[in-house]
Structures are given as C-alpha cells and as structure tokens.
Amino acid sequence: LSVQILVLLAAYLIGSVSFGVVVSKLMGLADPHTYGSGNPGATNVLRTGNKKAALFTLLGDVGKGVLAVLLARWLAPSLGLSDMIIMLVGLAAFIGHLYPVFHGFKGGKGVATAGGVLLALNPLHGLAVLATWLAVAFLTRYSSLAAITAAFMAPIYWQLFYGIDARALVILFIAALLVWRHRENINRLLKGKESKIGGNKAPKP
Ligand code: G3P
C-alpha cells in the first residue's frame with residue numbers, strides 16, 4: 001500500500017466521525033437520524049432547540065475537515081505528498097462525512113466538513129464560499145439553499161482565483177456531491193416545504 005493511499009484512508013477515517021451523532025450521544029439527545037430531516041448535521045441538531053449541541057456539531061464537523069488537510073500539509077514534506085494529494089485528502093475527509101464507516105455509512109450532507117476543507121485548502125477561497133453561505137442563510141433562513149448556492153459558487157470562485165486547473169475538478173466534484181446529497185432539500189424547497197434555520201418543521205425521514 002502506498003503512503004498516499006494510507007494518508008487518504010486516514011483522512012476518510014477522520015471524516016467518518018459524525019459529530020452530530022457523537023455530540024448528541026454525549027449530551028443525552030436523541031440520535032439526529034430520528035427527527036427533523038434525519039440528517040446528522042448542525043442544522044438538524046439545532047432543531048432540538050439545543051444551540052450548544054448544534055454549535056459543537058458544527059465545530060466538530062468543520063474541525064475534522066480542517067484537521068485532515070492541515071495534517072496532510074504538515075506531513076507533505078516528509079512523505080512527499082503533492083498539492084493534488086492534499087486536495088484529495090480534503091475530498092476523502094468529505095466523503096468520510098457522507099459515508100462514514102463508523103455509522104453504518106449513513107452520513108450527512110457535508111456542508112460543515114466541506115467548509116473546513118475549503119478553508120484549510122485555501123483560506124481566501126474558503127472565506128469567499130463561507131461569505132456566500134452566510135449571505136444566503138441570512139437573507140433566506142434556509143440552511144440548505146445557502147449550502148447549494150455556496151456549492152454552486154465554489155468552483156466558479158476557484159477559477160476566478162486560480163484559473164482552470166486539475167485542482168478545480170476536485171472542488172467541482174465536492175460541490176456536485178454536496179448538491180446531490182441535498183436532493184431531498186431541493187424537492188422540499190421547490191414545494192415550499194423546507195424548514196428554516198432553527199425551525200422544526202422538517203418532515204420525518
Ligand atoms: O447542513 C446540511 C444543511 O444544508 C441541510 O440540513 O437538516 O435541513 O437537511 P437539513
């Protein structure tokens with residue numbers, strides 16, 4: 001097994017820790033798969049009304065994306081990891097969140113983890129994507145719409161900053177997967193049935 005594959009596997013395992021599930025368990029809350037949208041993310045944990053649990057979920061899920069990329073960058077000189085491998089480490093952590101081996105492969109939608117990954121890969125680009133999420137969330141109060149818009153803009157910002165390169169394809173792939181994971185949200189948005197941030201009107205899964 002090459003060292004690159006081991007590094008990608010480690011990133012996947014880091015991403016596989018679902019903080020929505022872990023934090024809920026530690027704080028005595030119900031498993032987020034059982035209420036609201038059924039998603040183990042900060043938005044859904046907030047539907048319990050427990051803001052602290054939602055914040056810890058958010059910080060954990062962002063943090064693991066940041067951690068995976070920073071660890072890879074730290075190890076890069078000694079292990080000979082390329083820039084592209086560091087991008088793929090970010091993707092692996094994101095995929096870990098979506099399909100976590102520790103939680104029966106039932107993961108989340110990857111917004112917080114992708115945010116952490118993007119911020120660590122390139123803070124300027126990450127901040128542009130974060131600003132997009134914040135603007136749409138502030139204007140519409142829809143967490144999902146904010147995420148879908150930010151995902152749509154992320155590859156566009158990347159090209160504005162760096163032109164079209166192979167790394168842009170990784171960003172595009174993360175964005176496409178993220179939108180795919182929001183397909184139920186998109187349906188609800190189109191039907192006007194999506195619940196707003198802090199609301200608890202999401203249908204049971
Ligand atoms: O973080 C995921 C968010 O974009 C949507 O979450 O629970 O409303 O499906 P949820």
Side-chain angles (χ1 to χ4, degrees), residues 15-25 27 29-66 68 90-91 93-100 103 105-119 126 128-155 171 173-205:
S16 282
V17 179
S18 179
F19 280 87
V21 174
V22 173
V23 167
S24 299
K25 213 168 260 175
M27 295 183 69
L29 299 171
D31 186 312
H33 291 103
T34 62
Y35 59 82
S37 66
N39 191 57
T43 301
N44 199 36
V45 171
L46 187 61
R47 295 192 178 103
T48 63
N50 192 322
K51 289 186 181 154
K52 250 191 199 168
L55 180 68
F56 291 150
T57 300
L58 179 66
L59 291 178
D61 286 342
V62 171
K64 71 187 180 187
V66 172
L91 173 63
F94 173 73
I95 288 180
H97 182 84
L98 265 48
Y99 307 101
H103 307 281
F105 300 101
K106 288 199 179 85
K109 296 173 186 172
V111 182
T113 303
V117 164
L118 294 185
L119 281 167
V129 177
L130 174 63
T132 305
W133 189 96
L134 286 172
V136 178
F138 179 77
L139 289 173
T140 69
R141 315 301 300 171
Y142 288 124
S143 178
S144 55
L145 186 62
I148 293 160
T149 311
F152 187 77
M153 294 309 292
I171 303 291
F173 189 62
I174 291 176
L177 256 179
L178 189 143
V179 173
W180 166 247
R181 293 291 283 184
H182 280 79
R183 55 200 189 279
E184 285 174 14
N185 300 83
I186 293 169
N187 260 328
R188 284 198 290 271
L189 282 165
L190 291 173
K191 290 185 191 143
K193 287 185 174 163
E194 180 71 319
S195 83
K196 299 204 169 186
I197 292 172
N200 52 10
K201 284 173 280 171
K204 285 233 153 43

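Just so you know, ligand 1 is whichever comes first in the structure, and atom 1 is the first atom listed for that ligand.
When the shell of 6.0 Å around OH of Tyr99 is examined, it contains more than 12 heavy atoms from other residues, nucleotides or ligands.
For ligand 1, the atoms sitting less than 4.0 Å from at least one non-hydrogen atom of Ser144 are 4 (O), numbered in the order shown with element in parentheses. Interface of Asn39 with ligand 1, defined as ligand atoms under 4.0 Å from a residue heavy atom, comprises 2 (C), 7 (O). Atoms of ligand 1 found under 4.0 Å from any heavy atom of Asn185, numbered from 1 in the order shown, are 5 (C), 8 (O), 9 (O), 10 (P). Near Lys109, meaning under 4.0 Å from any of its heavy atoms, are these atoms of ligand 1: 9 (O), 10 (P). Ligand 1 places these atoms under 4.0 Å from at least one heavy atom of Val111: 1 (O), 2 (C), 4 (O). Near Arg47, the atoms of ligand 1 lying under 4.0 angstrom from a non-hydrogen atom of the residue are 7 (O), 8 (O), 10 (P). Which parts of ligand 1 touch Ser37 is read off a 4.0 Å heavy-atom cut-off, strictly below it: atoms 7 (O), 9 (O), 10 (P).
In this structure, the side chain of Thr113 does not engage the main chain of Gly110 through any donor-acceptor pair within 3.5 Å. No donor-acceptor pair under 3.5 Å is formed between the side chain of Asp61 and the backbone N or O of Ala112. Between the side chain of Arg181 and the main chain of Leu178, no donor-acceptor pair closer than 3.5 Å is present.
Judged as a side chain to side chain donor-acceptor pair (under 3.5 Å), and not counting sequence neighbours, the contacts of Asp31 are His33.
The residue Glu184 has no part lying near ligand 1, judged by heavy-atom distances below 4.0 Å. In Ala147, the part holding a heavy atom less than 4.0 Å from any atom of ligand 1 is the side chain.
Contact check for Asn44 versus Tyr35: side-chain heavy atoms found under the 4.5 Å cut-off.
A heavy-atom separation below 4.0 Å is found between Ser143 and ligand 1.
Where the criterion is an N or O separation shorter than 3.5 Å, residue side chain and backbone included, His182 meets it with respect to ligand 1.
Under 3.5 Å, the side chains of Lys193 and Asn187 contain no donor-acceptor pair of N or O atoms.
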Using a 3.5 Å cut-off and no angle test, enumerate the donor-acceptor pairs between side-chain atoms of residues 135-147 and protein atoms at least two apart in sequence or in another chain.
{"residue": "Thr140", "atom": "OG1", "partner": "Val136", "partner atom": "O", "Å": "2.8"}
{"residue": "Thr140", "atom": "OG1", "partner": "Tyr142", "partner atom": "N", "Å": "3.1"}
{"residue": "Ser143", "atom": "OG", "partner": "Thr43", "partner atom": "OG1", "Å": "2.8"}
{"residue": "Ser144", "atom": "OG", "partner": "Glu194", "partner atom": "OE2", "Å": "2.6"}

